[in-house]
Colleague: 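Dropping the structure in here first, questions after.
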Amino acid sequence: MSGLVTAIQREFRLIRRHPALIGLTVMLPLALCVLLAFVFRSGVATNLPVAVVDLDRSSLSRQVVRMLDATPDVEVSARADSLPEARSLILSGRARGALLLPPGFERDALRGARPEAVIFYDNQHMSAGSVVARGARNAVTAASGGLSVSLREAQGAGSLQATAAAQPVPLQTHALFNPALDYVDFLLAALMPAVIQLMAAAATTYAVSLDFGPGRHARVLPRLAGGLLPAMLGKLLPYTFLFMLILGISDIGLYGWLGVPLRGSLLLMGVGAALFIIACQLIGALCFLLTRDFARAVSFVGVILAPALGYMGIGFPREAMPPLAQAWSALIPGTWYIQLRIDQSLRATPMDLSVWPVLYLLAIAVALGLIVLLRLDRMRSALARATARTARRTAEGDPARAAG
């Protein structure tokens with residue numbers, strides 16, 4: 001324990017002496033988390049601009065436009081006289097979509113001829129396109145439903161009968177989790193751990209290079225700590241504490257300021273967070289110990305963890321990925337930690353199901369830790385053999401070769 005404490009104290013002194021470590025462990029993660037929080041603080045995309053091409057100019061078409069403008073998702077920002085004009089508005093970015101109401105729209109509706117209202121939207125930007133399509137669909141459905149009920153009432157049907165005839169098979173939809181389609185619950189809660197994951201691995205890569213890089217005395221830290229295991233723990237634990245602190249601050253903002261619900265076990269989330277941070281650190285340590293070059297190690301960390309958000313099942317379901325992508329996703333610590341966070345924050349998943357992501361994180365951390373210790377042991381053995389050869393040459397009276 002005394003060796004472990006000595007190694008931890010030494011690491012904190014290294015952090016104070018190296019501004020790059022302070023930036024990677026404190027300044028940059030905090031700045032990115034604050035930036036992401038301000039980007040997504042509104043939670044729900046509203047008032048996206050939409051152009052309207054009203055070629056009918058009837059009372060029904062004007063009612064549809066009013067309902068479209070009253071929809072919180074979109075707002076009517078421009079009125080175009082033709083589709084080419086509406087297209088230019090979309091291409092210029094002044095509108096996210098365009099609603100076309102053709103000539104004879106009201107006449108056909110009154111005759112029961114089912115007129116068509118057409119929505120054009122830019123689905124390359126999937127979030128904005130989905131919001132525009134949903135808002136336009138809701139506005140047109142509400143207007144056509146109201147007209148259908150009015151026509152049946154004019155024919156002598158009662159209000160209830162007219163409503164039932166307009167929608168003979170009503171569909172009830174219940175969103176179990178995140179019913180408001182809030183991007184804070186959906187995306188921000190995953191982006192913050194993804195950022196911390198990358199920062200923890202990069203900071204550990206740099207920290208390990210300070211003791212085990214080329215030209216460094218790789219036996220100093222193990223000798224100071226009294227062994228490889230306390231040396232590696234003393235190297236990692238200060239950064240584990242710092243990144244747990246960063247993650248805790250981001251969670252205070254997420255569950256406090258931004259109001260994401262927290263319905264599960266704080267203890268389970270804390271255990272999962274610690275295993276998640278340690279696993280990310282071990283990825284960074286292993287990348288450096290395998291390459292022995294800081295630039296290449298950081299590049300490997302970026303290749304592994306920078307695109308990790310796409311494999312975590314947030315934007316695209318893991319079940320729909322190819323088998324290789326699913327296997328890669330299972331090896332990324334953030335996959336299981338984000339699943340644990342969603343289970344404990346939004347879904348209130350029972351403990352017998354929530355414990356599995358923690359066990360996966362434990363398995364990843366243990367496997368990476370054993371590989372790191374094995375690599376360090378080989379490095380120490382190689383260094384000991386080189387030192388022994390140098391001593392033997394010196395004893396044989398060949399100081400020139402010994403110096404070489």
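Just so it is clear, the values below take in all heavy atoms, side chains as well, and ignore hydrogens, waters and symmetry mates. Just so you know, these numbers come straight off a predicted model, no measurement behind them.
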Colleague: Measure the spacing between OG of Ser329 and CG of Leu324 and express it to the nearest 0.5 Å.
Modeller: 11.0 Å

Colleague: Could you tell me whether the side chains of Glu106 and Ser61 share a donor-acceptor contact shorter than 3.5 Å?
Modeller: no

Colleague: Taking all non-hydrogen atoms of both residues, which atom of Gly234 and which atom of Leu4 are closest, and how far apart?
Modeller: N-CD1, 3.5 Å

Colleague: So, does Asp377 use its side chain to make a donor-acceptor pair with the main chain of Leu373 at under 3.5 Å?
Modeller: no

Colleague: Could you tell me whether a side-chain N or O of Ser209 sits under 3.5 Å from a main-chain N or O of Phe294, the two making a donor and an acceptor?
Modeller: no

Colleague: Checking Arg318 against Trp328: charged group under 6.0 Å from the ring centre and within 45 degrees of the axis?
Modeller: no

Colleague: Are side-chain heavy atoms of Arg347 and Ile342 found at a separation under 4.5 Å?
Modeller: yes

Colleague: In this structure, are over 12 heavy atoms from other groups packed under 6.0 Å from Glu85 atom CD?
Modeller: yes

Colleague: Take a 6.0 Å sphere around CZ of Arg87 and say whether it holds more than 12 heavy atoms from other residues, nucleotides or ligands.
Modeller: no

Colleague: Can you name the residues that form a side chain to side chain donor-acceptor pair (under 3.5 Å) with Ser354, not counting sequence neighbours?
Modeller: Gln344

Colleague: Mind listing the closest non-hydrogen atom pair of Cys33 and Ser250 along with its distance?
Modeller: SG-CB, 4.2 Å

Colleague: Can you find a heavy atom in the side chain of Tyr239 that is under 4.5 Å from one in the side chain of Ile15?
Modeller: yes

Colleague: Tell me the closest heavy-atom pair linking Ala325 and Met321, and the distance in Å.
Modeller: CB-CB, 3.8 Å

Colleague: Heavy-atom distance under 4.5 Å between the side chains of Arg341 and Asp251, does that happen here?
Modeller: yes

Colleague: Enumerate the residue pairs fulfilling ring-ring contact (aromatic ring centres under 6.0 Å, His included) with a member in residues 27-61, sequence neighbours excluded, ordered by first and then second residue.
Modeller: Phe38-Trp257

Colleague: For Thr335 and Tyr360, which I'm curious about, is there any donor-acceptor pair between the side chains at under 3.5 Å?
Modeller: no

Colleague: Could you pull out the closest heavy-atom pair between Ala279 and Pro333, with the gap in Å?
Modeller: CB-CG, 3.7 Å

Colleague: May I have the step-by-step check of side-chain hydrogen bond (donor to acceptor under 3.5 Å, both in side chains) for Ser130 and Tyr121, ending in yes or no?
Modeller: CA-CA 8 Å; Ser130 299; Tyr121 60 95; over 6 Å; no

Colleague: A quick test of your reading: do over 12 heavy atoms of other residues, nucleotides or ligands sit less than 6.0 Å from CZ of Arg79?
Modeller: no

Colleague: Taking the side chain as every heavy atom from C-beta outward, state whether Val53 and Leu55 have any atom pair closer than 4.5 Å.
Modeller: yes

Colleague: Between side-chain atoms of residues 196-208 and protein atoms elsewhere (two or more places apart, or another chain), which donor-acceptor pairs fall under 3.5 Å?
Modeller:
from: Gln197; atom 1: OE1; to: Gly334; atom 2: N; distance (Å): 2.9
from: Thr204; atom 1: OG1; to: Ala200; atom 2: O; distance (Å): 2.8
from: Thr205; atom 1: OG1; to: Ala201; atom 2: O; distance (Å): 2.8
from: Thr205; atom 1: OG1; to: Gly284; atom 2: O; distance (Å): 3.1

Colleague: With the side chain counted from C-beta on, respond yes when Leu340 and Phe276 share a heavy-atom pair under 4.5 Å apart, and no when they do not.
Modeller: no

Colleague: Is there side-chain contact between Tyr255 and Pro261, with heavy atoms separated by less than 4.5 Å?
Modeller: no

Colleague: Indicate whether any N or O donor in one side chain lies under 3.5 Å from an N or O acceptor in the other, for Thr71 and Asp73.
Modeller: no

Colleague: What's the shortest heavy-atom distance between Asp122 and His125, and which atoms?
Modeller: OD2-ND1, 2.9 Å

Colleague: Do you know which two heavy atoms are closest between Val76 and Val65, and how far apart they sit?
Modeller: CG2-O, 4.0 Å

Colleague: Can you find a heavy atom in the side chain of Ile90 that is under 4.5 Å from one in the side chain of Arg96?
Modeller: no

Colleague: Under a 4.5 Å cut-off applied to non-hydrogen side-chain atoms, are Asp56 and Leu60 in contact?
Modeller: no

